[in-house]
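Reading through the structure tokens given below for one structure.
FYI, side chains are in, hydrogens and waters are out, and symmetry mates aren't considered; it's all heavy atoms of this structure. Chain letters run A, B, ... following the sequence lines, proteins first and then strands; every chain starts at 1.
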Amino acid sequence: MDYNFKEIEKRWQNYWREHKTYSAKDLTDQPKYYGLSMFPYPSGAGLHVGHPLGYIASDIYARYKKLKGFNVLHPMGYDSFGLPAEQYAIQTGQHPAVTTEQNLARYREQLDKIGFSFDWDREVRTSDPNYYKWTQWIFKQLYNAWYDKTTNKAETIDKLVAIFENEGNGEINAATDQTERFTASDWKGFSEKEQQAILMNYRLTYLADSWVNWCPALGTVLANDEIKDGVSERGGHPVEQKLMRQWSMRITAYAERLINDLADVDWTDSIKDQQKNWIGKSVGASVIFKTETGEDIEVFTTRPDTIFGVSFMVLAPEHELVKKLTTADRQEAIETYQKQTSLKTERDRQADVKTISGAFTGAYALHPFTGEKIEIWIADYVLAGYGTGAVMAVPCGDQRDYDFANHFGIEIKNIFKDVDISESAYTEKDATITDSDFLTDLPAKKAIKLAIYEIEKRGFGKGQTNYRLRDAVFSRQRYWGEPFPVYYKDEIPYLVEDDKLPVTLPDVDKYLPTEDGEPPLARAKSEDWNVFEGDRMEYNTMPGWAGSSWYFLRYMDPHNEQVFVSKEKADYWNQVDLYIGGSEHATGHLLYARFWTKFLFDMGFISFNEPFKKMINQGMILGRSSFVYRDKDSGKFVSFGKRKEYATSRLHADIHLVDNDELNIDGFKNWLPEYKDASFILEDNGTYICGHEVEKMSKSKYNVQTPDELVEKFGADTLRCYEMFLGPLEQAKPWDTKGINGVHNFLRKLWRLFHDADNNFEVSEGEPDKKSLKTLHKAIKKIQEDLDRYSFNTAVSNFMIATNELTEQQCNNKNILGELLILLSPYAPHIAEELWAKLGNKESITKAKFPTFNPDFLVEAEFEYPVSFNGKMRFKLPLPTNMSKEDIEAAVLTNDQSAKYLDGKTPKKVIVVPGRIVNIVI
RNA sequence: GCUCGAGUGGUGGAAUUGGUAGACACGCAAGACUUAAAAUCUUGUGUCCAUUAGGACGUGCGGGUUCAAGUCCCGCCUCGAGUACCA
């Protein structure tokens, strides 16, 4: 065999490991580059070809930056806490740490085979106590902090206590759930328990009774981003609302900064939009409507300009005032309606948006400006959890209010000048307001400002900004996660001292909840804990996103036992320059990591407030399934071309039995017992052709391709190049091994540039040919440009073009080939190292310098001008590149071929773009 | 519904600032080598008309701007992703 990739790849992988080729040096004078891939959860299924896609791109870029003289940090680790290992533990009784360890070993083996330039000495695992010690420590910092909305940053809780002692909470502008005011002397009079309860309302992580998404099948609560279409993202189980005492993270304090700072990061608009929508900022006003009975109803509106169009009010059925407001005669109807809505699950409520329902309370509010009586209704289209759980209904300006008013025959006032609202509400903010007292004749946008001004002046409300974002529930009732550094005395939570961290996971007899419904950790006896204080330890564990919210910092200083990352190293490595991973983390990991980064920045631990400067989201690789067609009558398998002649049903065939859509018939018979005696109706040429379709890769579709089998067959270099060659990184694309031969052939062709017909290494010294220099420098230019715009697929094409050209030129010049190898080494590092060594280099090619592009080699004496007539290219004419516009025009017009197209006419206009094109308008 | 992205040969895709549409690769076809196959090499390959020369059409659809449009503008269609009573 000429190009023996197996031997070559093994040799260089060993070399790299022994020489620690990819170890990053801290704090050098070189410019730094931090390239990161989202670390994987090590599942039992191992990697399929979709997983390494982003890693390969990330690896190529890291290697490229190294050749460009950067000090490169390119680490890898594992998000190794998670549900699947625990579910498996419940079924088998095996400790999740054991399964996780096995899966990890398998991942590592697969990753190693692909030849990544990871600095494995910096590996982190979120389930490692040495790592989660610091996750617990950061939790403690959050607990001991509050958010000052005036300075717009987090501050220590000590500062807050000092303020309480001096002046109470009257003047403080904090992110808090605390509504009651107290003075300094009140504070001093409170008991320890009372003081702690108040502080809880300010802490950035806090314990509170909150409505949570409870998933009975998984036995745990879930965050909003862990729910898709009303069911759990993992497993697809139903979710219900439940009031539980839970740890939460006050991420809402950062809502504004999380939106604003998106301007500073280079991410796709799609991800930025998703985050913006998730945070859901709306600017408006909160307005208080008095009721006849004297209760205040506070509403939130983004359209205070339409306040004179209010014709009724709607409260959420769960609203606390409903009971007080409802008149005796309406009691029954209201209770029936409340019951009706409470029986509906979240999913039903979402699914049934069309049906309009509601009930009148019998009570009336008074319009704050006109004093007019306004009916108060309840309806499930108003959500208890958003805003104040109450709206002022303006049917002319809101479609839901409009539909509701129509359904129940409530008056619709039109306060928009010259706008027809007979068919639907007018929701644009560009109308002129009319019939609205002091707002009349103002354009909506001005009216909004004036309305807020008047509302504030008259004291029945204020301008306000609301966010859809909720505080993030941080407790999980599961075993396989970080324990909290928390113990309880008299059910008051206290933090474990720093020098006792980490609180490690205790062993338990079963990974299931206790009979009283407590989380699995409640099974541990006091002696099972490495730290046990107070009456009991916290039974909950942290969610999956705890460890992943700061892991990129730990890679900078993975073995530090004093701090989670030293300030010095964090300053040096700074932000992640390029982050590559899936876009499915848009509202989870990527939001939480930004939140924690901002917090750590506020507290002065790090000097940057956004974690990931640039991000690329790789597209999903889809599988290409193969199908066989079974005749329903005879049970015979009909080939693709003849399937229409029979009534067939379509069945998946394992893609490993199919080559270029042709089925390996014997293999198929041996595949599953039921196909042992299968008989076939073949194409006329005697083959069985399969059908195909692009689907998600999954075991049940028999279309999973692992990287291992391809590395085995073609080598890691081929796999790396092929994954890049498939198409743009960001795009979803079908996986099809058809093309892999082409890429493999390219590497073999490259190999042959360095060898004679008998595979003897043979290169020539001396001055390279001009043509070859041109080929090389064209390639340098192209590949540099491709990398700079992250166009990995076109770079592979350009390598092929260069190799094809050099083959044609029969070029085996040492200088040319050496430079080409450096260019190629980020993509195909093994073959590049091998040939580089054969050229006589003593050091690894990773230590080389990226070639410098010299435009002189591309200068040509002649350019072949495409000559167009009326925009249609007719013929080509080679002309000197230094020829003037006038001379080019003359040369083209006097050319014999032009006469035919001119047909005796005089051209109206001639456009000459030197070095590009000539266009003649007739 | 809203937001974002994408529609180019038989297939994956290329065309970076408006300037030769289909680079590169797969597949397919023909040929060379071979007893044969595989591998390799050569040639061809957008569609239609034409023996050739050549011509017409062609980047989801319909308009527009321009000497020139896959690329810019307006209006639609289809597919994918996200989100959904958010006041």
Side-chain angles (χ1 to χ4, degrees), chain A residues 228-229 268-274 276-278 280-282 284 299-303 306 314 316 349-350 352-356 379-383 385-394 397-401 403-404 427 466-469 583-584 586-587 617 619-620 622 624 660-661 692 722 725-728 730-743 745-746 748-749 752 782 785-786 788-789 791 793-801 803-804 864-876 900 907-913 915-922:
Chain A
K228 295 269 135 77
D229 301 324
T268 61
D269 287 341
S270 154
I271 298 273
K272 287 187 182 189
D273 282 345
Q274 279 184 55
K276 278 182 205 159
N277 293 338
W278 189 260
K281 178 178 178 176
S282 23
V299 300
F300 175 73
T301 176
T302 54
R303 297 293 304 271
T306 62
V314 187
R349 219 164 136 166
Q350 273 180 24
D352 187 22
V353 176
K354 296 265 151 59
T355 318
I356 297 165
D380 63 2
Y381 82 88
V382 174
L383 305 174
Y386 184 76
T388 58
V391 301
M392 57 177 224
V394 183
D398 182 290
Q399 193 57 44
R400 290 154 310 172
D401 296 346
D403 295 339
F404 192 86
T427 54
N466 260 4
Y467 301 92
R468 196 184 80 113
L469 183 72
S583 56
E584 67 273 21
T587 51
N617 306 109
M620 196 173 22
L622 302 160
R624 187 181 190 273
N660 203 4
D661 288 338
H692 62 87
Y722 184 57
F725 187 65
L726 278 177
E730 311 83 349
Q731 229 167 72
K733 51 210 157 245
W735 176 263
D736 193 340
T737 41
K738 259 196 327 202
I740 200 167
N741 274 311
V743 176
N745 284 343
F746 146 67
R748 298 179 54 176
K749 213 164 168 181
R752 286 200 299 273
K782 288 273 191 189
E785 282 170 1
D786 288 342
D788 288 343
R789 65 193 172 102
S791 177
N793 55 325
T794 51
V796 179
S797 301
N798 284 314
F799 285 126
M800 291 175 172
I801 292 168
T803 307
N804 289 346
E864 200 172 43
Y865 278 92
V867 180
S868 302
F869 290 79
N870 288 337
K872 276 192 183 120
M873 209 279 286
R874 293 304 181 176
F875 62 88
K876 287 179 186 173
K900 181 176 154 195
K908 283 187 194 140
K909 200 172 177 183
V910 179
I911 288 106
V912 178
V913 184
R916 284 223 175 247
I917 199 171
V918 176
N919 190 18
I920 297 158
V921 189
I922 328 173

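Taking atom CH2 on A:Trp278 and atom P on B:rU83, their separation rounds to 7 Å, with Å as the unit. Distance CZ (A:Arg303) to C1' (B:rC86): 15 Å, rounded to an integer number of Å. Between A:Leu383 atom CG and B:rA84 atom P there is a gap of 11 Å when expressed in whole angstrom units. Taking atom CD1 on A:Ile917 and atom C1' on B:rA69, their separation rounds to 12 Å, with Å as the unit. Rounded to whole angstrom, the span from the OH atom of A:Tyr381 across to the C1' atom of B:rC85 amounts to 9 Å. In this structure, the CD atom of A:Glu730 is 12 Å from the P atom of B:rG13, given to the nearest Å. What separates CZ of A:Arg468 from P of B:rU83 is a distance of 9 Å, to the nearest Å. In this structure, A:Leu469 places its CG atom 13 Å from P of B:rA84, rounding to the nearest Å.
In a base pair of the Watson-Crick type (N1 to N3 plus N6-O4 or O6-N4) or a G-U wobble (N1-O2 and O6-N3), with each distance short of 3.5 Å, B:rU83 is matched with B:rG1. When both pairing distances are held under 3.5 Å, B:rC72 makes a Watson-Crick or G-U pair with B:rG64. In this structure B:rA36 sits in no base pair that meets the Watson-Crick or G-U test at under 3.5 Å. The partner of B:rA29, taking Watson-Crick or G-U wobble pairs whose two distances both stay under 3.5 Å, is B:rU43. Summarising the base pairing, B:rU52 is matched to no nucleotide, lacking a Watson-Crick or G-U wobble pair whose two defining distances lie under 3.5 Å. Base pairing of B:rG18 is not made with any nucleotide, judged by Watson-Crick or G-U wobble geometry with both donor-acceptor distances under 3.5 Å. B:rA6 is paired with B:rU78 under the criterion used here, namely a Watson-Crick or G-U wobble arrangement in which both key atom distances are under 3.5 Å. Under the Watson-Crick or G-U wobble criterion, with both distances below 3.5 Å, B:rC24 is paired with B:rG12.
Distance noted for atom C1' between B:rU65 and B:rC72: 8 Å (whole Å). Nucleotides B:rG10 and B:rG22, compared at atom P, are 16 Å apart to the nearest Å. Across the C1' atoms, B:rA23 and B:rG12 are found 13 Å apart, a figure rounded to whole Å. Going from the P atom of B:rU71 to that of B:rG64 covers 14 Å, rounded to whole Å. Nucleotides B:rG58 and B:rA21 are separated by 13 Å at their P atoms, to the nearest Å. Annotation: B:rG54 and B:rU59 have their P atoms spaced 24 Å apart (nearest Å). Distance noted for atom C1' between B:rG13 and B:rC86: 42 Å (whole Å). The gap from the C1' atom of B:rC74 to that of B:rC24 amounts to 36 Å, rounded to the nearest Å.
Of all heavy-atom pairs between A:Met392 and A:Thr306, the closest is CE-OG1, 4.1 Å. Residues A:Phe404 and A:Ala379 share a closest heavy-atom pair of CE1-CB, 3.6 Å.
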Under 3.5 Å between N/O atoms: give me all the protein pairs with nucleotides 14-18 of chain B, atom names plus distance.
| from | atom 1 | to | atom 2 | distance (Å) |
| --- | --- | --- | --- | --- |
| B:rA14 | OP1 | A:Asn793 | ND2 | 2.9 |
| B:rA15 | OP1 | A:Arg789 | NH2 | 3.2 |
| B:rU16 | N3 | A:Glu785 | OE1 | 3.4 |

Listing time: all N or O pairs from protein to nucleotides 25-27 of chain B that are below 3.5 Å?
| from | atom 1 | to | atom 2 | distance (Å) |
| --- | --- | --- | --- | --- |
| B:rA25 | OP1 | A:Asn804 | ND2 | 2.9 |
| B:rG27 | O3' | A:Asn660 | ND2 | 3.4 |

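Within 6.0 Å of NZ in A:Lys733 there are more than 12 heavy atoms belonging to other residues, nucleotides or ligands.
Residues A:Asp736 and A:Asn277 both approach RNA chain B. Their nearest nucleotides, taken by heavy-atom distance, put A:Asn277 toward the 5′ side. Residue whose closest nucleotide on RNA chain B sits further toward the 5' end, between A:Ile920 and A:Tyr386: A:Ile920.
The backbone N or O of A:Ser282 lies less than 3.5 Å from no partner atom in the side chain of A:Asn466, so there is not a single donor-acceptor pair. With hydrogens and angles ignored, the 3.5 Å screen pairs a side-chain donor or acceptor of A:Thr268 with a backbone N or O of A:Ile271.
Listed by chain and number, the residues in a side chain to side chain contact (heavy atoms under 4.5 Å, CB included) with A:Asp736 are A:Arg624, A:Lys738 (sequence neighbours excluded). Residues forming a side chain to side chain contact (heavy atoms under 4.5 Å, CB included) with A:Met620 (at least two apart in sequence, or on another chain): A:Leu622, A:Lys696. With sequence neighbours excluded, the residues satisfying side chain to side chain donor-acceptor pair (under 3.5 Å) with A:Arg303 are A:Asp305.
With a 4.5 Å cut-off on side-chain heavy atoms, A:Tyr381 and A:Asp401 count as touching.
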Under the side-chain contact (heavy atoms from CB on, under 4.5 Å) rule, what do A:Val921 and A:Asn870 come out as? Steps first, then yes or no, please.
-> CA-CA 5 Å; A:Val921 189; A:Asn870 288 337; 3.6 Å; yes
Should A:Thr794 and A:Lys782 be marked as a side-chain contact (heavy atoms from CB on, under 4.5 Å) after you check the CA-CA gap, both sets of side-chain angles, and the distance that decides it?
-> CA-CA 9 Å; A:Thr794 51; A:Lys782 288 273 191 189; over 6 Å; no
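With a glycosidic angle further than 90° from 0, B:rG46 counts as anti.
In the set B:rG19, B:rC86, B:rA39, the nucleotide with an atom closest to the side chain of A:Arg748 is B:rA39. Comparing atom distances between the A:Lys876 side chain and each of B:rA87, B:rU20, B:rG19 picks out B:rU20 as nearest. For A:Lys733, whose side chain is taken as the heavy atoms from C-beta onward, the closest listed nucleotide among B:rU3, B:rA21, B:rG13 is B:rG13. Side-chain atoms of A:Ser797 lie closest to B:rA23 of the nucleotides B:rC86, B:rA23, B:rU40.
OP1 or OP2 of B:rC67 has not a single side-chain nitrogen or oxygen of A:Ser868 nearer than 4.0 Å.
To the nearest 0.5 Å, atom CG of residue A:Leu469 and atom CG of residue A:Asn277 are 12.5 Å apart. Between atom CZ of residue A:Arg468 and atom CG of residue A:Leu383 there is a gap of 10.5 Å, rounded to the nearest 0.5 Å.
Among the heavy atoms of the strands lying under 4.0 Å from A:Leu726 are primed sugar atoms or P, OP1, OP2 only; no base atom is included. Residue A:Ser270 is in sugar-phosphate contact alone, with no base atom involved, counting any heavy-atom pair closer than 4.0 Å across all strands shown. At the heavy-atom level, A:Asn919 lies under 4.0 Å from base atoms of the strands shown. Looking at heavy-atom distances under 4.0 Å, A:Val921 makes contact with sugar-phosphate atoms alone, never a base.
Taking the six-membered ring for Trp and thresholds of 30 and 60 degrees, A:Phe875 and A:Phe869 have ring planes inclined between 30 and 60 degrees apart. Aromatic ring orientation, A:Tyr722 versus A:Trp735: perpendicular (interplanar angle above 60°, classes split at 30° and 60°).
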Reading nucleotides 52-65 of chain B 5' to 3', which nucleotides get B (base under 4.0 Å from a protein heavy atom), which S (sugar-phosphate only), which -?
-> --SSSS--------
